[in-house]
Amino acid sequence: GSHVAASAFRHPLISGSALLTFGTFASGVLNFAFQFAMARVLPIEAFGDLGALFAIFSIAAVPIGTLTFLIARVTAEHLAAGLSGHLQQFFFTTARVVFAWAAVGVVLLIIIVRPVTTFFHVASLVAYTIMMAGLLPPFLLAIARGYLQGCHRFGIYTWSTISEAIAKL
(Lines give C-alpha, C1' and ligand atoms only; values in the text may rest on other atoms or scores of the structure.)
Protein backbone atom coordinates (compact mmCIF):
# COMPACT_ATOMS: atom_id res chain seq x y z
CA GLY A 1 0.00 0.00 0.00
CA SER A 2 2.18 2.83 1.27
CA HIS A 3 5.29 1.42 -0.46
CA VAL A 4 3.53 1.62 -3.84
CA ALA A 5 2.42 5.19 -3.14
CA ALA A 6 5.92 6.19 -2.03
CA SER A 7 7.55 4.65 -5.10
CA ALA A 8 4.94 6.29 -7.38
CA PHE A 9 5.65 9.66 -5.77
CA ARG A 10 9.34 9.27 -6.67
CA HIS A 11 8.40 9.29 -10.34
CA PRO A 12 9.38 12.74 -11.72
CA LEU A 13 6.04 13.29 -13.43
CA ILE A 14 4.03 12.53 -10.29
CA SER A 15 6.27 14.49 -7.93
CA GLY A 16 6.45 17.37 -10.43
CA SER A 17 2.65 17.37 -10.74
CA ALA A 18 2.31 17.38 -6.95
CA LEU A 19 4.72 20.30 -6.74
CA LEU A 20 2.77 22.21 -9.40
CA THR A 21 -0.48 21.50 -7.56
CA PHE A 22 1.02 22.86 -4.34
CA GLY A 23 2.36 25.93 -6.14
CA THR A 24 -0.96 26.61 -7.83
CA PHE A 25 -2.79 26.28 -4.50
CA ALA A 26 -0.31 28.53 -2.68
CA SER A 27 -0.48 31.07 -5.48
CA GLY A 28 -4.28 31.04 -5.28
CA VAL A 29 -4.18 31.68 -1.54
CA LEU A 30 -1.75 34.57 -2.05
CA ASN A 31 -3.87 36.00 -4.87
CA PHE A 32 -6.85 35.87 -2.53
CA ALA A 33 -4.77 37.75 0.05
CA PHE A 34 -3.99 40.36 -2.63
CA GLN A 35 -7.70 40.78 -3.40
CA PHE A 36 -8.48 41.02 0.30
CA ALA A 37 -5.73 43.62 0.83
CA MET A 38 -6.95 45.67 -2.14
CA ALA A 39 -10.50 45.54 -0.76
CA ARG A 40 -9.21 46.98 2.51
CA VAL A 41 -6.88 49.60 1.03
CA LEU A 42 -8.80 50.93 -1.96
CA PRO A 43 -12.06 52.85 -1.77
CA ILE A 44 -15.10 50.78 -2.87
CA GLU A 45 -15.30 52.40 -6.30
CA ALA A 46 -11.58 51.94 -7.00
CA PHE A 47 -11.73 48.29 -5.88
CA GLY A 48 -14.68 47.71 -8.22
CA ASP A 49 -12.74 49.34 -11.04
CA LEU A 50 -9.71 47.18 -10.29
CA GLY A 51 -11.84 44.03 -10.33
CA ALA A 52 -13.39 44.98 -13.67
CA LEU A 53 -10.00 45.77 -15.20
CA PHE A 54 -8.51 42.49 -13.98
CA ALA A 55 -11.48 40.62 -15.46
CA ILE A 56 -10.80 42.29 -18.80
CA PHE A 57 -7.09 41.55 -18.40
CA SER A 58 -7.80 37.86 -17.74
CA ILE A 59 -9.56 37.64 -21.10
CA ALA A 60 -6.77 39.52 -22.84
CA ALA A 61 -4.20 37.28 -21.12
CA VAL A 62 -5.32 34.10 -22.91
CA PRO A 63 -2.29 34.36 -25.24
CA ILE A 64 -0.03 34.15 -22.17
CA GLY A 65 -1.19 30.62 -21.40
CA THR A 66 -0.92 29.63 -25.04
CA LEU A 67 2.59 31.06 -25.21
CA THR A 68 3.63 29.10 -22.11
CA PHE A 69 2.42 25.80 -23.57
CA LEU A 70 4.01 26.53 -26.95
CA ILE A 71 7.38 27.30 -25.42
CA ALA A 72 7.17 24.23 -23.17
CA ARG A 73 6.50 22.05 -26.19
CA VAL A 74 9.29 23.53 -28.31
CA THR A 75 11.70 23.26 -25.38
CA ALA A 76 10.80 19.61 -24.73
CA GLU A 77 11.09 18.80 -28.45
CA HIS A 78 14.54 20.43 -28.63
CA LEU A 79 15.71 18.53 -25.56
CA ALA A 80 14.31 15.21 -26.87
CA ALA A 81 16.04 15.76 -30.23
CA GLY A 82 19.35 16.57 -28.52
CA LEU A 83 19.26 20.18 -29.68
CA SER A 84 19.63 21.80 -26.27
CA GLY A 85 22.28 24.14 -27.70
CA HIS A 86 19.58 25.89 -29.73
CA LEU A 87 17.40 26.59 -26.69
CA GLN A 88 19.32 29.64 -25.50
CA GLN A 89 18.95 31.33 -28.89
CA PHE A 90 15.27 30.32 -29.04
CA PHE A 91 14.68 31.61 -25.51
CA PHE A 92 16.29 35.03 -26.04
CA THR A 93 14.81 35.54 -29.50
CA THR A 94 11.35 34.72 -28.18
CA ALA A 95 11.88 36.99 -25.17
CA ARG A 96 12.86 39.93 -27.40
CA VAL A 97 9.85 39.49 -29.68
CA VAL A 98 7.38 39.03 -26.82
CA PHE A 99 8.85 41.94 -24.86
CA ALA A 100 8.58 44.19 -27.92
CA TRP A 101 4.92 43.26 -28.53
CA ALA A 102 4.04 43.52 -24.84
CA ALA A 103 5.77 46.92 -24.61
CA VAL A 104 3.79 48.11 -27.65
CA GLY A 105 0.62 46.94 -25.89
CA VAL A 106 1.51 48.83 -22.72
CA VAL A 107 2.30 52.00 -24.71
CA LEU A 108 -1.05 51.67 -26.50
CA LEU A 109 -2.83 51.29 -23.17
CA ILE A 110 -1.09 54.44 -21.93
CA ILE A 111 -2.17 56.29 -25.06
CA ILE A 112 -5.78 55.15 -24.79
CA VAL A 113 -6.08 55.55 -21.01
CA ARG A 114 -8.77 58.21 -21.22
CA PRO A 115 -11.06 56.45 -23.75
CA VAL A 116 -10.74 53.12 -21.90
CA THR A 117 -11.45 54.60 -18.47
CA THR A 118 -14.37 56.58 -19.90
CA PHE A 119 -15.86 53.61 -21.79
CA PHE A 120 -15.64 51.27 -18.79
CA HIS A 121 -16.61 54.04 -16.35
CA VAL A 122 -13.35 53.59 -14.45
CA ALA A 123 -13.13 56.53 -12.10
CA SER A 124 -9.86 55.48 -10.51
CA LEU A 125 -6.64 55.98 -12.43
CA VAL A 126 -4.95 54.13 -9.54
CA ALA A 127 -6.79 50.94 -10.53
CA TYR A 128 -5.84 51.44 -14.17
CA THR A 129 -2.20 52.03 -13.17
CA ILE A 130 -2.13 48.89 -11.00
CA MET A 131 -3.52 46.85 -13.88
CA MET A 132 -1.03 48.30 -16.37
CA ALA A 133 1.90 47.65 -14.02
CA GLY A 134 0.88 44.01 -14.02
CA LEU A 135 0.80 43.58 -17.79
CA LEU A 136 4.40 43.20 -18.89
CA PRO A 137 5.77 40.70 -16.32
CA PRO A 138 3.26 37.90 -17.12
CA PHE A 139 4.30 37.88 -20.78
CA LEU A 140 7.97 37.58 -19.86
CA LEU A 141 7.20 35.00 -17.17
CA ALA A 142 5.30 32.95 -19.77
CA ILE A 143 8.54 32.46 -21.68
CA ALA A 144 10.52 31.47 -18.61
CA ARG A 145 7.76 29.20 -17.31
CA GLY A 146 7.36 27.51 -20.67
CA TYR A 147 11.09 26.86 -20.73
CA LEU A 148 11.01 25.50 -17.16
CA GLN A 149 8.09 23.21 -17.96
CA GLY A 150 9.79 21.93 -21.10
CA CYS A 151 12.93 21.18 -19.07
CA HIS A 152 10.84 19.56 -16.28
CA ARG A 153 12.16 22.08 -13.74
CA PHE A 154 8.93 22.06 -11.76
CA GLY A 155 10.47 23.27 -8.49
CA ILE A 156 11.67 26.54 -10.00
CA TYR A 157 8.40 26.86 -11.92
CA THR A 158 6.44 26.48 -8.69
CA TRP A 159 8.60 29.06 -6.94
CA SER A 160 7.98 31.50 -9.82
CA THR A 161 4.20 31.21 -9.46
CA ILE A 162 4.37 31.67 -5.70
CA SER A 163 6.84 34.57 -5.92
CA GLU A 164 4.64 36.32 -8.50
CA ALA A 165 1.73 36.21 -6.06
CA ILE A 166 4.01 37.42 -3.24
CA ALA A 167 5.18 40.31 -5.43
CA LYS A 168 1.56 41.41 -5.90
CA LEU A 169 1.18 41.76 -2.16
Side-chain angles (χ1 to χ4, degrees), residues 5 7-36 38 50-112 116 120 127-169:
S7 66
F9 199 78
R10 285 189 205 112
H11 189 279
L13 182 59
I14 294 173
S15 61
S17 295
L19 198 55
L20 287 174
T21 300
F22 167 76
T24 302
F25 177 77
S27 178
V29 169
L30 291 168
N31 282 321
F32 171 77
F34 168 77
Q35 291 293 329
F36 186 78
M38 289 296 104
L50 183 63
L53 289 170
F54 271 121
I56 293 166
F57 173 69
S58 69
I59 294 167
V62 169
I64 294 172
T66 305
L67 181 64
T68 300
F69 290 124
L70 174 68
I71 291 172
R73 181 178 176 156
V74 170
T75 300
E77 287 174 352
H78 275 70
L79 288 174
L83 301 172
S84 60
H86 294 86
L87 283 175
Q88 184 176 13
Q89 179 184 1
F90 170 72
F91 181 83
F92 286 113
T93 301
T94 305
R96 280 193 298 273
V97 170
V98 169
F99 181 80
W101 279 105
V104 166
V106 169
V107 168
L108 286 175
L109 285 173
I110 291 169
I111 292 170
I112 64 169
V116 168
F120 289 110
Y128 191 84
T129 304
I130 290 170
M131 193 251 340
M132 282 184 31
L135 286 179
L136 198 53
F139 280 99
L140 297 178
L141 284 172
I143 298 164
R145 289 179 180 161
Y147 178 79
L148 291 170
Q149 279 183 320
C151 292
H152 296 184
R153 307 277 311 268
F154 299 119
I156 298 170
Y157 180 95
T158 299
W159 174 244
S160 89
T161 60
I162 293 170
S163 62
E164 177 185 13
I166 291 170
K168 277 186 191 177
L169 288 172

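Keep in mind the model is a prediction, meaning the values are calculated, not measured.
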Spell out, as yes or no, whether a donor-acceptor pair under 3.5 Å connects the side chain of S27 to the backbone of G23. no

Would you check if T75 and L87 make a side-chain contact, meaning some heavy-atom pair closer than 4.5 Å? yes

Decide side chain to side chain contact (heavy atoms under 4.5 Å, CB included) for L30 and I166; before the verdict, give the C-alpha distance in whole Å, the side-chain angles of both, and the deciding distance to 0.1 Å. CA-CA 7 Å; L30 291 168; I166 291 170; 3.6 Å; yes

So, taking the atom named OG1 in T94 and the one named CG in L67, what distance separates them when rounded to the nearest 0.5 Å? 7.5 Å

So, taking the atom named OG1 in T158 and the one named CZ in R153, what distance separates them when rounded to the nearest 0.5 Å? 12.0 Å

At what distance, to the nearest 0.5 angstrom, does CG of L83 lie from CD of Q89? 11.5 Å

Which atom of V74 lies closest to which atom of F90, heavy atoms considered: CG1-CZ, 3.5 Å

Mind listing the closest non-hydrogen atom pair of A95 and I143 along with its distance? CA-CD1, 3.4 Å

From OH (Y157) to OG1 (T68), nearest 0.5 Å: 6.0 Å

Calculate, to the nearest 0.5 Å, the distance between atoms CD1 and CD belonging to I71 and Q149 respectively. 10.0 Å

Reported SG-to-CG distance for the pair C151 and L79, which is rounded to 0.5 angstrom: 4.5 Å

Could you go through W159 and I162, starting from their C-alpha distance and side-chain angles, then the distance that decides it, and tell me whether this counts as side chain to side chain contact (heavy atoms under 4.5 Å, CB included)? CA-CA 5 Å; W159 174 244; I162 293 170; 4.3 Å; yes

